[in-house]
Novice: 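Have a look at this one.
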Amino acid sequence: VQLQASGGGLVQAGGSLRLSCTASGRTFSSGVMGWFRQAPGKEREFVVAIYWSGGRTYYADSVKGRFTISRDNAKNTVYLQMNSLKPEDTAVYYCAATRPYGDYRGQYDYWGQGTLVTVSS
């Protein structure tokens with residue numbers, strides 16, 4: 001299984017970016033795709049997750065109302081629309097996937113390479 005993340009970049013505070021993560025190597029009809037981030041000097045933290053089947057979503061409180069996750073099952077791709085970005089959103093963003101029938105609070109076995117998001121003030 002491989003995850004390919006893209007879409008990071010430099011944006012001013014208040015701006016928007018959209019990240020994408022395309023999965024390959026198996027059929028993603030169950031399990032969870034999540035986004036995590038790691039800011040300089042900080043531990044990696046959960047941002048948001050979506051279930052491939054049914055589309056249930058879960059957000060960290062820090063991004064609720066600003067970030068939206070969506071999926072395209074036919075393309076095995078998950079999108080993260082980030083609006084009203086703040087300097088504290090600056091981090092390397094990683095997409096990750098669980099095994100089939102995994103839970104969003106559980107173990108993520110597959111990780112993408114990370115994409116840097118920088119929000120200037």
Side-chain angles (χ1 to χ4, degrees):
V1 174
Q2 291 188 329
L3 304 180
Q4 182 68 42
S6 62
L10 173 64
V11 64
Q12 288 188 332
S16 298
L17 281 175
R18 189 176 82 153
L19 306 183
S20 300
C21 181
T22 299
S24 60
R26 67 169 172 86
T27 300
F28 286 82
S29 58
S30 65
V32 180
M33 184 75 87
W35 287 95
F36 294 77
R37 66 186 181 185
Q38 187 166 19
K42 295 186 177 182
E43 294 194 354
R44 186 173 61 199
E45 64 175 358
F46 170 81
V47 177
V48 62
I50 188 167
Y51 281 75
W52 285 107
S53 178
R56 284 174 293 159
T57 58
Y58 298 88
Y59 292 87
D61 288 343
S62 59
V63 305
K64 281 182 182 177
R66 300 188 298 122
F67 290 13
T68 303
I69 190 171
S70 60
R71 78 202 193 286
D72 184 333
N73 290 53
K75 296 182 179 180
N76 275 0
T77 299
V78 171
Y79 305 98
L80 181 60
Q81 179 66 43
M82 305 185 294
N83 298 328
S84 302
L85 282 162
K86 304 175 182 180
E88 51 263 44
D89 294 317
T90 295
V92 177
Y93 284 70
Y94 298 91
C95 59
T98 68
R99 294 180 183 272
Y101 307 107
D103 184 89
Y104 86 97
R105 297 160 296 184
Q107 181 174 328
Y108 289 77
D109 293 288
Y110 312 106
W111 292 82
Q113 83 283 11
T115 184
L116 177 62
V117 172
T118 303
V119 184
S120 63
S121 58

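The shown structure was predicted, so the numbers you read here are calculated from the model rather than taken from an experiment.
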Novice: Residues in side chain to side chain contact (heavy atoms under 4.5 Å, CB included) with Ser84, at least two apart?
Specialist: Arg66
Novice: Determine which pairs satisfy salt bridge (charged side-chain N to carboxylate O under 4.0 Å, His left out) with at least one residue from residues 50-62, sequence neighbours left out, and list them in order.
Specialist: Asp61-Lys64
Novice: How would you list all residue pairs meeting salt bridge (charged side-chain N to carboxylate O under 4.0 Å, His left out) that involve residues 109-121, not counting sequence neighbours?
Specialist: Arg99-Asp109
Novice: Going by the rule side chain to side chain donor-acceptor pair (under 3.5 Å), which residues pair with Asn73 if we only count those two or more places apart in sequence or in a different chain?
Specialist: Arg71
Novice: Going by the side-chain hydrogen bond (donor to acceptor under 3.5 Å, both in side chains) test, which pairs reach into residues 41-52, not counting sequence neighbours?
Specialist: Arg37-Glu45, Tyr51-Asp103
Novice: Quick one: list whatever passes side chain to side chain contact (heavy atoms under 4.5 Å, CB included) with Thr90, sequence neighbours left out.
Specialist: Thr118, Val119
Novice: Not counting sequence neighbours, which residues clear ring-ring contact (aromatic ring centres under 6.0 Å, His included) with Tyr108? List them please.
Specialist: Phe36
Novice: Apply the hydrophobic cluster definition, ILVMFWY joined by side-chain contacts under 4.5 Å directly or through others, and give me every member besides Leu10.
Specialist: none
Novice: Taking side chain to side chain donor-acceptor pair (under 3.5 Å) as the definition, give me every residue that meets it alongside Thr22, ordered by chain and number, with sequence neighbours left out.
Specialist: Thr77
Novice: Identify, with sequence neighbours excluded, every residue that meets side chain to side chain contact (heavy atoms under 4.5 Å, CB included) alongside Ser16.
Specialist: Gln81, Asn83
Novice: Taking only residues two or more places apart in sequence, or in another chain, which ones meet Gln2 in a side chain to side chain contact (heavy atoms under 4.5 Å, CB included)?
Specialist: Ser24
Novice: Tell me every residue that passes side chain to side chain donor-acceptor pair (under 3.5 Å) with Thr115, counting only those two or more places apart in sequence or in another chain.
Specialist: none
